[in-house]
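Read the structure below first, then the notes.
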Amino acid sequence: MNSKEVTKKVIKKEELFILDVRNQNDFKDWKIEGEKFEYLNIPYFELLDGVEGILNQLPKDKEILVVCAKEGSSVMVAEMLSEYGVSVSYLQGGMKAWSEYLEPIKVGDLKNGGELYQFVRIGKGCLSYMLVSNGEAAIIDATRMTDMYIDFARDINAKVVHVFDTHLHADHISGGRKIAELTGASYWLPPKDAEEVTFNYNPLENNNHIMIGNTTLSIQALYSPGHTIGSTSFIVDEQYLLSGDILFIDSIGRPDLAGLAEDWVGDLRETLYRRYKELSQALIVLPAHFMVVSELNADGSVSEKLGKLFENNHGLNLSNEYEFNKLVTENLPPQPNSYQEIRETNMGKVTPDIEKQREMEIGPNRCAVR
């Protein structure tokens with residue numbers, strides 16, 4: 001079973017029984033999430049002498065998927081189970097492939113022609129975007145799986161002309177600069193996040209208006225510090241708010257990944273409680289991450305109206321400034337794996353090979369506090 005097939009089961013809320021044969025710490029830290037998924041974690045080394053001991057722990061009436069890190073161990077366990085008559089599949093490419101899979105979903109049409117697509121990195125919780133108008137495309141917060149965006153644009157006969165990062169990412173390696181190099185597109189980055197970068201870029205500053213295509217489609221940059229000092233949101237077509245890692249559906253951005261939580265917590269509150277409050281509450285918020293699969297809509301996309309978030313998102317309803325500061329500076333989740341190396345990669349200071357990049361990104365999204 002490949003990652004696309006598993007993703008469809010997540011979106012459709014189908015049942016699946018997962019036998020995860022990674023070690024217990026890896027499973028506890030990060031697993032395939034599904035609202036109706038059940039799990040059994042038995043490390044592979046405990047099954048080397050046979051699978052007889054776990055047969056009575058496997059369901060007779062549910063689809064079974066064996067999962068490991070890279071595929072090999074799950075193939076062997078699945079073969080052993082098959083010898084006992086168990087109907088079982090294994091995850092093609094293992095958790096490595098799960099981490100890298102992107103599901104493109106159309107989230108809306110634009111007023112003067114064109115479409116907006118969301119790319120859901122289901123195993124990592126990353127969300128990226130492609131705006132298309134009159135044969136031109138802009139990509140926002142691309143992952144390092146650059147072929148997916150370039151191939152998608154080609155398939156819909158669109159030329160990539162602009163690539164944006166809303167901020168300097170710390171939890172995943174950006175593909176923005178590479179896409180720009182491969183396509184000849186302009187690469188944009190907030191200058192306050194780019195003081196240490198080693199490459200040329202276009203400065204993404206407040207009140208940028210950038211045309212995509214020959215229509216009135218524009219991206220209006222909204223400077224919104226808090227997650228990083230240069231974090232920038234986009235208002236697109238007066239319909240959508242691409243909030244980067246500032247605001248999520250069920251959480252808010254953490255301000256500590258550059259070690260400056262105490263310094264930036266005031267910026268984060270100012271952005272969320274004043275700048276965002278002044279915007280149209282009818283804007284549809286499209287974040288750069290999600291935390292849990294319950295945030296997915298029925299079609300697999302992740303979005304919600306800004307007004308609804310001000311009603312329901314706990315991080316937007318802390319009237320006491322002390323309680324807000326406590327939320328975003330204390331009891332924070334673990335920091336993303338290799339986040340400092342990832343920052344340096346996105347600055348252009350280091351260029352790890354592909355296997356090292358995969359290793360750096362292993363694990364869940366940890367950009368939020370809730």
Side-chain angles (χ1 to χ4, degrees), residues 102-120 126-142 149 152-153 156 158-167 176 185 188 190 204-224 226-227 231-253 271-290 295-313 316:
L102 299 176
E103 177 76 12
I105 300 171
K106 181 180 175 180
V107 295
D109 292 310
L110 302 171
K111 293 177 181 177
N112 295 310
E115 303 85 36
L116 176 59
Y117 297 90
Q118 184 181 71
F119 291 75
V120 181
C126 300
L127 301 168
S128 48
Y129 299 89
M130 183 181 293
L131 296 159
V132 180
S133 175
N134 287 350
E136 293 188 348
I139 301 171
I140 299 98
D141 288 332
Y149 306 97
F152 187 86
I156 61 173
K159 175 178 173 57
V160 180
V161 293
H162 294 289
V163 187
F164 303 88
D165 273 318
T166 56
H167 62 288
W188 300 76
L204 185 58
E205 298 174 314
N206 202 16
N207 297 320
N208 278 130
H209 295 264
I210 303 162
M211 300 301 296
I212 312 297
N214 297 321
T215 72
T216 58
L217 169 65
S218 65
I219 299 175
Q220 302 169 34
L222 173 71
Y223 175 54
S224 48
H227 179 67
S231 290
T232 302
S233 310
F234 299 129
I235 298 174
V236 177
D237 205 32
E238 298 180 343
Q239 296 185 78
Y240 303 99
L241 171 61
L242 274 65
S243 58
D245 282 352
I246 288 288
L247 176 62
F248 308 114
I249 301 305
D250 193 35
S251 53
I252 60 177
T271 291
L272 293 174
Y273 282 67
R274 188 183 68 80
R275 288 184 176 91
Y276 277 14
K277 194 69 174 178
E278 293 173 350
L279 300 175
S280 167
Q281 300 299 286
L283 286 171
I284 297 171
V285 175
L286 296 169
H289 285 92
F290 68 94
E295 295 176 54
L296 299 181
N297 297 323
D299 63 354
S301 66
V302 179
S303 66
E304 184 55 274
K305 286 187 177 181
L306 183 59
K308 285 289 186 182
L309 296 188
F310 271 105
E311 291 177 11
N312 301 322
N313 188 314
L316 296 180

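Summarising the geometry, atom OH belonging to Y240 is positioned 11.0 Å from atom CD belonging to Q118; distances are rounded to the nearest 0.5 Å. Note: S301 OG to E103 CD = 11.0 Å, rounded to the nearest 0.5 Å. Rounded to the nearest 0.5 Å, atoms CD1 (I140) and OH (Y129) are 9.0 Å apart. With rounding to the nearest 0.5 angstrom, the CD1 atom of I284 is 10.5 Å from the CG atom of L241. We find the OG-CD1 distance between S231 and I246 to be 4.5 Å, quoted to the nearest 0.5 Å. Between K305 atom NZ and L283 atom CG the span is 10.0 Å, to the nearest 0.5 Å.
Nearest approach of I249 to S303, heavy atoms of both residues: CD1-C, 3.7 Å. A142 approaches D165 most closely through the heavy-atom pair N-OD1, 4.2 Å. T232 approaches A221 most closely through the heavy-atom pair CG2-CB, 4.0 Å. Pairing each heavy atom of S243 with each of P287, the nearest pair is OG-CA, 3.4 Å. Heavy atoms only, all atoms of each residue included: M130 and Y149 are closest at CE-O, 3.4 Å. When all heavy atoms of A138 and F164 are compared, the closest pair comes out as CB-CE1, 3.9 Å.
Inter-residue side-chain proximity for W188 and V163 is flagged as unmet; no heavy-atom pair is nearer than 4.5 Å. Here the side chains of Y276 and S233 are in contact, with some heavy-atom distance below 4.5 Å. For the pair L204/T166, no side-chain contact is recorded, criterion being any heavy-atom separation below 4.5 Å from C-beta on. Residues Y117 and I105 are not in side-chain contact: their nearest non-hydrogen atoms beyond the backbone lie 4.5 Å or more apart. No side-chain heavy atom of V302 sits under 4.5 Å from any side-chain heavy atom of L286. The shortest side-chain heavy-atom distance between E304 and L309 falls under the 4.5 Å cut-off. With a 4.5 Å cut-off on side-chain heavy atoms, L306 and L247 count as touching. Between L279 and L222, the closest side-chain pair of non-hydrogen atoms falls below 4.5 Å.
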Exercise for the section: Might you work through the side chain to side chain donor-acceptor pair (under 3.5 Å) test for D141 and S128, ending with a clear yes or no? Expected result: CA-CA 5 Å; D141 288 332; S128 48; over 6 Å; no

Practice task
Assess whether side-chain contact (heavy atoms from CB on, under 4.5 Å) is satisfied between I210 and H162, documenting all intermediate values.
Solution key: CA-CA 9 Å; I210 303 162; H162 294 289; 3.5 Å; yes

Problem - Step-by-step side-chain contact (heavy atoms from CB on, under 4.5 Å) determination, V236 to L131 - result: CA-CA 9 Å; V236 177; L131 296 159; 3.5 Å; yes

Problem - side-chain contact (heavy atoms from CB on, under 4.5 Å) between F290 and V120, worked out - result: CA-CA 9 Å; F290 68 94; V120 181; 3.9 Å; yes

Exercise for the section: Begin with the C-alpha distance, continue with both residues' side-chain angles, and end with the deciding distance and a verdict on side-chain contact (heavy atoms from CB on, under 4.5 Å) for D245 and H289. Expected result: CA-CA 7 Å; D245 282 352; H289 285 92; 2.6 Å; yes

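Judged by distance alone, the side chain of D237 and the main-chain N or O of Q239 form no donor-acceptor pair under 3.5 Å. Checking side-chain atoms of D250 against main-chain N and O of E295 turns up no donor-acceptor pair under 3.5 Å. Put simply, the side chain of T271 never gets that close to the backbone of R275: no donor and acceptor are under 3.5 Å apart.
Between F152 and F119, a ring centre-to-centre spacing shorter than 6.0 Å is recorded.
For K308, the NZ atom sits in a loose shell: 12 or fewer heavy atoms of surrounding residues, nucleotides or ligands are nearer than 6.0 Å.
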